[in-house]
Amino acid sequence: MKTPSSSLTELEGAVLSEIHHRGHDTAFQVRRAFQTSPSVEWSGSAGAVYPAIRRLADAALIETKPITTGRKGTRLSLSPQGIAALEAWICDPVRATSVGVDPFRLRSGLWATLDPTVRAEALRRLQHAVDEELERLITSLDTLDEVERARTEWSIDLQKMRSRWLMQQPPHRLSQT
């Protein structure tokens, strides 16, 4: 038997969160939140948002109401079942603690297989990208709502950990294959 959280994908849980916790109550607003995400994986999912909203509405987790004033569209809110599914998804310890897809972690062992010159340049560029992302994240903190601020603080810690790992890659280790 499936639990409410096991039936939600990460995308669907994030969509429900955007509606319920961040107040994005139209499909356009939810899609826009994904498009502007600092995560390449989430921003790349923007095209999957509308189908996810349809699936969640078909499953009675999202309620829809037509907007009758101004620009036409549909208001989104979570049904009681949607709130229960979202809360189960939020609190699922196994899925919440999964290391998930992490492009840095996926590539970390492969950098050691590169030619030393290529590897040194790749790690230099990685350090530069991590430094730029850290600066961008830190600068954005004062403009964020409570939900996005917590996510961003976690991202800052992750980028600092990546930076520490990169700094620990001495030249002699980089030249070993």
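To the nearest 0.5 Å, atom OG1 of residue Thr139 and atom CG of residue Leu137 are 8.5 Å apart. The CH2 atom of Trp89 sits 9.0 Å away from atom OG1 of Thr9, with the distance rounded to the nearest 0.5 Å. Distance OG/Ser108 to CG/Leu126: 10.5 Å, rounded to 0.5 Å. Interatomic distance, Gln159 CD to Arg162 CZ, rounded to the nearest 0.5 Å: 5.0 Å.
Residue pairs meeting the salt bridge (Lys or Arg N to Asp or Glu O under 4.0 Å) criterion with at least one partner in residues 12-29, sequence neighbours excluded, are Glu12-Arg55, Glu18-Arg22, Glu18-Arg151, Arg22-Asp145, Arg22-Glu148, Asp25-Arg75. The list of salt bridge (Lys or Arg N to Asp or Glu O under 4.0 Å) pairs with a residue in residues 126-139, not counting sequence neighbours, reads Glu133-Arg136.
Across all their heavy atoms, Ile67 and Thr74 have their closest contact at CD1-N, 3.8 Å. Taking all atoms of both residues into account, the shortest heavy-atom contact from Gly82 to Leu16 is O-CD1, 4.1 Å. Counting all heavy atoms, side chain and backbone alike, Arg105 lies closest to Gly100 at NH2-O, 2.6 Å. Across all non-hydrogen atoms, the minimal contact from Val94 to Asp92 is N-OD1, 3.1 Å. Shortest non-hydrogen contact noted between Leu114 and Ala122 is CD1-CB, 4.4 Å.
Applying the side chain to side chain donor-acceptor pair (under 3.5 Å) criterion to His21, with sequence neighbours excluded, gives no partner residue. Partners of Pro93 according to the side chain to side chain contact (heavy atoms under 4.5 Å, CB included) rule, which considers only residues two or more places apart in sequence or in another chain, do not exist here. The salt bridge (Lys or Arg N to Asp or Glu O under 4.0 Å) test applied to Glu10 returns Arg95, not counting sequence neighbours. Listed by chain and number, the residues in a side chain to side chain donor-acceptor pair (under 3.5 Å) with Glu63 amount to none (sequence neighbours excluded). Among residues two or more places apart in sequence or in another chain, the salt bridge (Lys or Arg N to Asp or Glu O under 4.0 Å) test is passed with Asp157 by none. With sequence neighbours left out, the salt bridge (Lys or Arg N to Asp or Glu O under 4.0 Å) criterion links Glu87 to no other residue. Residues passing the side chain to side chain contact (heavy atoms under 4.5 Å, CB included) test with Arg124 are Glu121, sequence neighbours excluded. By the ring-ring contact (aromatic ring centres under 6.0 Å, His included) test, Phe28 pairs with no residue at all, sequence neighbours left out.
For Ser17 (side chain) and Gly13 (main-chain N/O), no donor-acceptor pair under 3.5 Å exists by modelled atom type. Ser79 contributes a side-chain N or O that, together with a main-chain N or O of Ala60, makes up a donor-acceptor pair within less than 3.5 Å.
When side chains are defined from C-beta on, Leu78 does not count as touching Leu61, because their heavy atoms never get closer than 4.5 Å. Looking only at side-chain heavy atoms (C-beta outward), Leu56 and Leu8 come within less than 4.5 Å of each other. Here the side chains of Lys72 and Pro66 are not in contact, with every heavy-atom distance at 4.5 Å or above. Ile138 places none of its side-chain heavy atoms less than 4.5 Å from the side chain of Thr152. Looking at heavy atoms from C-beta onward, Val15 lies in side-chain contact with Ile53 at the 4.5 angstrom threshold.
Its side chain outside the 4.5 Å cluster rule for every partner, Leu106 clusters with none of the Ile, Leu, Val, Met, Phe, Trp and Tyr residues. Taking Ile, Leu, Val, Met, Phe, Trp and Tyr as hydrophobic and joining them when side-chain heavy atoms fall under 4.5 Å apart, one finds Trp154 in a cluster with Leu158, Met161.
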